[in-house]
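Presented below is the structure to which this report refers.
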Amino acid sequence: MTTHVESQAAPAPAEEFLNRPATPAQRIHAVLHRRPALSPAIVLVLAAVMFSLVNERFYALQNLSLVAQQVAVVGALAVGQTVIILTAGIDLSIGAVMVLASLLMAKLVADHHWPGWLALLAGAAVATAAQAVNGLLVTRVRLPPFIVTLGTLSVFTAISLIYARGRTVSLQPGTFLTWSGETVSLGQLHLTYGVLLMIALYAVVGYALRHTAWGRHLYAVGDDAEAARLAGISVNRVLLSAYVVAGLTVAVAAWILIGRVGGGDPNSGLNANLQSITAVVIGGTSLFGGRGVVLGSLIGALIVQVFVNGLALAGMDPNYQVLAVGILVIAAVSVDQWIRSVKP
């Protein structure tokens, strides 16, 4: 009888395993899983501290203003890239669409004397239509996003070069489209309106992803499309909407680009496709979809620019800047794999 009571009182092996205290690594894993932007935020702070120790000019407001202005275009483009990657897709053509939209806007104003606001709407329509083509090829023809956007990258790049005849389109300062390049000063901090547009874009899309049904459906489709379909979510509609929303964000990025270069330039976004993906990946958004926050992409874009700026101030060879970005990407994907390897 005593033996029976003791056996009842002793915890089962399974219960003992479940009640085992979490290890420090498991706690860190759980925190990073809940807050995807935390790890890139830590990297950004450490990088800023490190480069400020190397060169005291790093923290000068003029230098920080330059960093913000340089990150505006890629930061805005990364918003649309984030939305697509959250669905477990990827867009290799997003920079080419931005260049096409910027050239159209600039030429409508310079060559056809359209009002700036109307040219902006036309450019937004073209950017949205181009991204809708990507979305339809993914959802209707059922082609992989990588293959679709790899093909449309060449298509949209060729259209841009043919339309602009490979020439830059210059606009007069003070026009509606170049307004995004004008500067607003807060003491010694000088920001362009393009930076403010980028921040507003993050606020709007971040709110939509976090507080709307569309945002919840987007995360559900990216995490497990089949489970989302069984739950009654129209997967194809959500995927198509992701590309359409990305098209609208690309139009804003094109407006910011026009303000930065003073017009339309067919060679202005040569690396924007990969730069936007780099910012999103470093920012903690999973390439496998379903995990990440849009704020992380802004942090990722800032990390890249901080490294480029900090290494330049330190007098390092520009090749080391490319090396640093490559290491950051590999490290970010490795952290993502570790976070996804075990359920928190």
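These numbers come from the heavy atoms of this one structure, side chains and all, not from hydrogens, waters or symmetry mates.
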Discussion item. Closer than 3.5 angstrom, by distance alone: can the side chain of Thr157 be matched with the main-chain N or O of Ser154 as a donor-acceptor pair?
Written reply: no

Discussion item. When you group the ILVMFWY residues by side-chain heavy-atom contacts below 4.5 Å and let the links chain together, are Val294 and Leu298 in the same group?
Written reply: yes

Fill in: Test side-chain contact (heavy atoms from CB on, under 4.5 Å) applied to Val293 and Leu209, step by step
CA-CA 8 Å; Val293 291; Leu209 288 174; over 6 Å; no

Fill in: More than 12 heavy atoms from other groups under 6.0 Å of CZ on Arg229
yes

Worksheet item: In this structure, are over 12 heavy atoms from other groups packed under 6.0 Å from Tyr207 atom OH?
Response: no

Fill in: Trp179-Tyr193 aromatic ring centre distance below 6.0 Å
yes

Worksheet entry | For the student: nearest non-hydrogen atoms of Leu177 and Ile258, plus distance | O-CG2, 3.7 Å

Discussion item. Is there a side-chain hydrogen bond (donor to acceptor under 3.5 Å, both in side chains) between Thr82 and Ser297? Walk through the geometry before answering.
Written reply: CA-CA 7 Å; Thr82 303; Ser297 300; 2.5 Å; yes

Item to complete: Apply side-chain hydrogen bond (donor to acceptor under 3.5 Å, both in side chains) to the pair Asn309 and Gln70, showing each step before the final yes or no.
Response: CA-CA 10 Å; Asn309 181 270; Gln70 290 175 334; 4.8 Å; no

Fill in: Atom CD of Gln62: over 12 foreign heavy atoms under 6.0 Å
yes

Worksheet item: Would a 4.5 Å heavy-atom cut-off, applied to side chains only, mark Gln305 and Val308 as touching?
Response: yes

Practice prompt. Inspect the surroundings of CD in Glu182 and state if more than 12 heavy atoms from other residues, nucleotides or ligands are less than 6.0 Å away.
Written response: yes

Practice prompt. Please confirm whether the backbone N or O of Ala96 pairs with a side-chain atom of Ser93, one donor and one acceptor, at under 3.5 Å?
Written response: no

Discussion item. Could you see if Leu189 belongs to whatever hydrophobic cluster contains Leu302? Use Ile, Leu, Val, Met, Phe, Trp, Tyr and a side-chain cutoff under 4.5 Å.
Written reply: yes

Fill in: Sole residue of Asn134, Ile94, Val126 in side chain to side chain contact (heavy atoms under 4.5 Å, CB included) with Phe156
Asn134

Practice prompt. Answer whether the closest heavy-atom distance between the side chains of Leu287 and Ile85 falls below 4.5 Å.
Written response: yes

Practice prompt. Identify the heavy atoms of Ile84 and Ala246 that sit nearest to each other, and give their distance.
Written response: CD1-CB, 3.7 Å

Practice prompt. Return the minimal non-hydrogen interatomic distance between Leu61 and Ser65, and the atom names on each side.
Written response: O-OG, 2.7 Å

